[in-house]
There are 2 protein chains.
Amino acid sequence: MTKGEETKQFIIERSAPIFNTKGIAATAMSDITEATQLSKGSLYVHFENKEVLAASAVDYNMQLLSNKVMAAVNKQKTAKDKLFAFVDTLKDPLSPPVTGGCPMMNFGTEADDTNQLVKTKVNQAFDNAELTIAGIIQQGIKEGSMNPDWNYKEFATMIFAMIEGGIVMSRVAGNISKMNIIVKNIKKMITEQLI
Amino acid sequence: MTKGEETKQFIIERSAPIFNTKGIAATAMSDITEATQLSKGSLYVHFENKEVLAASAVDYNMQLLSNKVMAAVNKQKTAKDKLFAFVDTLKDPLSPPVTGGCPMMNFGTEADDTNQLVKTKVNQAFDNAELTIAGIIQQGIKEGSMNPDWNYKEFATMIFAMIEGGIVMSRVAGNISKMNIIVKNIKKMITEQLI
DNA sequence: TCAAAATATGACCAATCGGTCATATTTTGA
DNA sequence: TCAAAATATGACCGATTGGTCATATTTTGA
């Protein structure tokens, strides 16, 4: 990696948690100069403008989340354990795997009326998450440990909606009691489909 | 209502959809002067500052949503029909009952790290929504139309998490296919508890 | 009716916004 | 090694931000 590429990556890493916490609109380029200790002009050597930097930060945050989830999932062997690991990675929104909370949630709500590019990125991330869940269940069915009549595609949508909803509710409440209820019931729903 | 009170209310009504769509940080006082055709100084006669106006707009949006939901719910007689009406009011996030989408979602995600006042308001709204659902089910159990062993408090939490999650996912996707799946399954879960 | 109180106006303020650019420094590879 | 290319600096730009205030207009109730 050249010096320039290193600096570019460094800027993304430092700015990603700021964008995810404050939001794109509320994050100023001066926040980034402060966090990176780089001059303004240097930022603009690596990024055409704030929008491009923000888009990179969105990608970075979502990739980081995906990596953490997949690392936990891949540690497990059975489909059931993988699903549980997926859920457990996201079960504490007050200590989230990515600083600032779920980037799909944060950027999705900010962008849905205003930023087509970010909106598309978030949508793809949602689809990927569902595909991951669906893929695990497919494996479980093939291995004979899960109910082959399970409508797992619909379940993948529901499980993720519940988690996302639980995240907002718990973050706003300042405690994870609602998320605990949700996680418990998701696991119950999974268990009911085990053979 | 005095002239001043009327103007104050007028400002809130005009600014509420803007705050709910663009977000608090991204909404400028100049957006409000444009929408109301009032001078800047006049805005500051009625609101101490932008933060206070935004808080009023948050209240207004959430109250408006609550009113619409309750109006639909109160048209129904049985507990089952009331629950279905509750869900049906929120089932199309692309044509939401409140301009800009669910205010709890929008303001909740923007405020959770940055605005304690708004955070508290949203949290109360979430609790109210759950209490409404729980209250309907209590009525159903008392009337003998719903399973008395139903853990309806947990269900109230789950139903709302699913809806909120479905809203983000559908808004970002630009279509309501995921929300349709969620609504269908929520209704199925309700039906399973009918006697 | 009419004067006092409330409300509306818009020019104006300092601070901050995203972004530029001439210049200086550092990195790069032939 | 060394010159060309890439990168870093920070003063500077016009636009916009939230907010103020002297002044003008409208509303209010005795």
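Here is the naming used below: chain letters follow the sequence lines, and residue numbers restart at 1 for every chain. All figures in this text were calculated on a predicted structure; none of them were measured in a lab.
One finds a salt bridge joining B/Glu130 and A/Lys178 here, because a Lys/Arg side-chain nitrogen approaches an Asp/Glu carboxylate oxygen to under 4.0 Å. Ion pair A/Lys22/B/Asp113 not flagged as a salt bridge, since none of the NZ, NE, NH1 or NH2 atoms sits closer than 4.0 Å to an Asp/Glu carboxylate oxygen.
For the pair B/Leu43 CG and D/dT20 P, the interatomic distance rounds to 13 Å; values are reported in whole Å. Regarding B/Lys8, its NZ atom lies at a distance of 14 Å from the C1' atom of C/dA6, rounded to whole Å. Rounding to whole angstrom units, OH of residue B/Tyr44 and P of D/dT17 are separated by 11 Å. For the pair A/Met1 CE and D/dT7 P, the computed distance is 13 Å after rounding to whole Å. The distance from atom CD1 of A/Ile11 to atom C1' of D/dT7 is 11 Å, rounded to the nearest whole Å.
Within the 4.0 Å cut-off from OP1 or OP2 of D/dA8, at least one side-chain nitrogen or oxygen of A/Thr7 is found. Contact annotation: A/His46 side-chain N/O to D/dA8 OP1/OP2 distance is under 4.0 Å.
Nucleotide C/dA11 forms a Watson-Crick or G-U wobble pair with D/dT20, both donor-acceptor distances falling under 3.5 Å. Across all strands shown, D/dG29 forms a Watson-Crick or G-U wobble pair, both distances under 3.5 Å, with C/dC2.
Looking only at side-chain heavy atoms (C-beta outward), A/Glu164 and A/Phe126 come within less than 4.5 Å of each other.
Summary of the strand contacts: B/Gly4 and A/Gly4 both lie near DNA chain D, and taking for each the nucleotide with the nearest heavy atom, the more 5' one is attributed to A/Gly4.
A continuous path of hydrophobic side-chain contacts links B/Phe47 to B/Leu43 [ILVMFWY only; heavy atoms under 4.5 Å]. One hydrophobic cluster holds both A/Met104 and A/Leu94 under the rule that ILVMFWY side chains link at heavy-atom gaps under 4.5 Å.
In this structure, A/Phe107 CZ and A/Met62 CE are separated by 8.0 Å, a value rounded to the nearest 0.5 Å.
For DNA chain D, the residues of residues 19-41 of chain A within the heavy-atom distance limit of 4.0 Å (strictly under) are A/Leu38, A/Ser39, A/Gly41, sorted by number. Near DNA chain C, meaning a heavy atom under 4.0 Å from it, residues 47-55 of chain A has A/Asn49, A/Lys50 in order of number.
Ring geometry for A/Phe86 versus A/Phe160: interplanar angle over 60°, hence perpendicular rather than tilted (30 to 60°).
Of the N and O atoms on the side chains of A/Asn123 and A/Thr120, not one donor lies less than 3.5 Å from an acceptor on the other residue.
For NZ of A/Lys50, the number of neighbouring non-hydrogen atoms (other residues, nucleotides, ligands) closer than 6.0 Å is greater than 12.
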